[in-house]
Protein chains: 2
Amino acid sequence: MARLKRPLAQAPPRQRILHAARDLFYREGINAVSVEAIAATAGTNKMTLYRHFSSRDELVAAYLTELAAEGEGVWEAARAAHPGDPDAQLRFLLRQVSQFAAQSSGRGCALANAAVELAERKHPARRIVEAHKRRQRERLVALVREAGYARPERVADELFLLVEGARVSLQSVGREGPGSRLYALAEALLDSAPKKKSVKA
Amino acid sequence: MARLKRPLAQAPPRQRILHAARDLFYREGINAVSVEAIAATAGTNKMTLYRHFSSRDELVAAYLTELAAEGEGVWEAARAAHPGDPDAQLRFLLRQVSQFAAQSSGRGCALANAAVELAERKHPARRIVEAHKRRQRERLVALVREAGYARPERVADELFLLVEGARVSLQSVGREGPGSRLYALAEALLDSAPKKKSVKA
DNA sequence: AAGCGATGTTACGCATCAGTACCATCGATG
DNA sequence: CATCGATGGTACTGATGCGTAACATCGCTT
């Protein structure tokens, strides 16, 4: 159904640029990367870059939008892996996030990092990050509720903070820190959280 | 014992500069503030700034060092407020952090933000942040252990991640998000955490 | 082969910023 | 009053970065 993935070297420029931007923005920080560096990494030049993105900020926005979309994908993967079993979906998600945190380059969540780097509260990129994080949290609450836990908001918020905390702390205490134990902590939390007496259908 | 605090306007330049840097670095982000802006906010100029700090990076380092030192102060305050009662000290600390998070400008932990902004792993400022965060975590583990909880590392790591998560998430989901409920979550965690049978003296 | 759109290349203009040189000023101390 | 150190003020250099102009080229369609 989908087209074959051409080797990136001969993919269309827009794709190469986004790929390069993603790599550099994440590893070196959004504000530390010049458009020239992105274009060069993408095997093209500034001019072509500006033919696809009207400004640097728009490229940043595209970068964040792409990441947010992939974040959505994990939820679908969880549904697909454990259809009809919200508790298993929950643990699947936590496992995914933990694995990513453990093996990542220690730069944490790119979306959250962007919110830190782009401090101006009116920056368009912030809206993308905020919308994504809020949606994630709402979905988490819904999933925890579906899984039948009592006080779903509380459990979801604890999980949410654990996950966010694990990702940031990678950058300060490193990979041997508590971030690496995220899954164990989250699972223990779930295992000890009381389930609601199933009153509803 | 300490000298009277002169009104900041006529304090020595170094102090005014650090104060201005602190304000601007925190609110607008380290990379988004020029030394000119700092000097102007401090009511002086670039030249005087460079007579007190040999480079911009050194000013950043001084800024982070100051923050780290104040972070240490909270631990002393906790000891002073509840001497000999580690469990109360723990809750005191969590309350402090929660209050800060709830009423802050939503920019989270300045140290953690610095680690995000200064992505180069060899950057001198990173060492300050890493050392500080590690020390915080070690102290937390020690305090949780003193308070007699079973599995102190696990409890401390959960608390650590909750706190770090609350601070970052302020920037993405805002103040109405789970960050505002940090103290309730942390307290519930402590209340439900089992205590160790006191075997030791 | 002719034409055309997308891409590559080079060179700009304009702004910002870190860091410095140079000189003026002010305040305490002798 | 004279001196000297610390500070204020201005102007500069060198570097970097965003965004654009103008032109060359390549590939695909007709």
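Here is how names work: the chains are called A, B, and so on, in the same order as the sequence lines, proteins then strands, and each is numbered from 1.
Close to dT7(D), at under 4.0 Å from its OP1 or OP2, lies a side-chain N or O of His52(B).
A salt bridge between Glu176(B) and Arg181(B) is absent, with no side-chain N of the basic residue lying under 4.0 Å from a carboxylate O of the acidic one. In summary, Asp85(B) and Arg91(B) do not engage in a salt bridge, as defined by a charged side-chain N under 4.0 Å from a carboxylate O. With respect to the salt-bridge test (charged N to carboxylate O, under 4.0 angstrom), the residues Glu153(A) and Arg145(A) qualify.
With sequence neighbours excluded, the residues that form a ring pair (Phe, Tyr, Trp, His ring centres under 6.0 Å) with Phe92(A) are His82(A). Listed by chain and residue number, nothing satisfies the side-chain hydrogen bond (donor to acceptor under 3.5 Å, both in side chains) test with Ser105(A) (two or more places apart in sequence, or in another chain). In this structure Asp23(B) satisfies the side-chain hydrogen bond (donor to acceptor under 3.5 Å, both in side chains) test together with Arg27(B), sequence neighbours excluded.
Of the possible polar contacts, one joining the Arg16(A) side chain to the Ala42(A) backbone as a donor-acceptor pair under 3.5 Å is found.
In summary, contact between chain A and DNA chain C, defined as any nucleotide atom under 4.0 Å from a heavy atom of the protein, begins and ends at dT7(C) to dT9(C) in the 5' to 3' direction.
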Legend entry - Reading 5' to 3' through nucleotides 10-26 of chain D, protein heavy-atom contacts under 4.0 Å coded B for base, S for sugar-phosphate only, - for none: -------SBBBBB----
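For residues 59-69 of chain A, every residue pair satisfying the salt bridge (charged side-chain N to carboxylate O under 4.0 Å, His left out) rule, not counting sequence neighbours, is listed here: Arg22(A)-Glu66(A).
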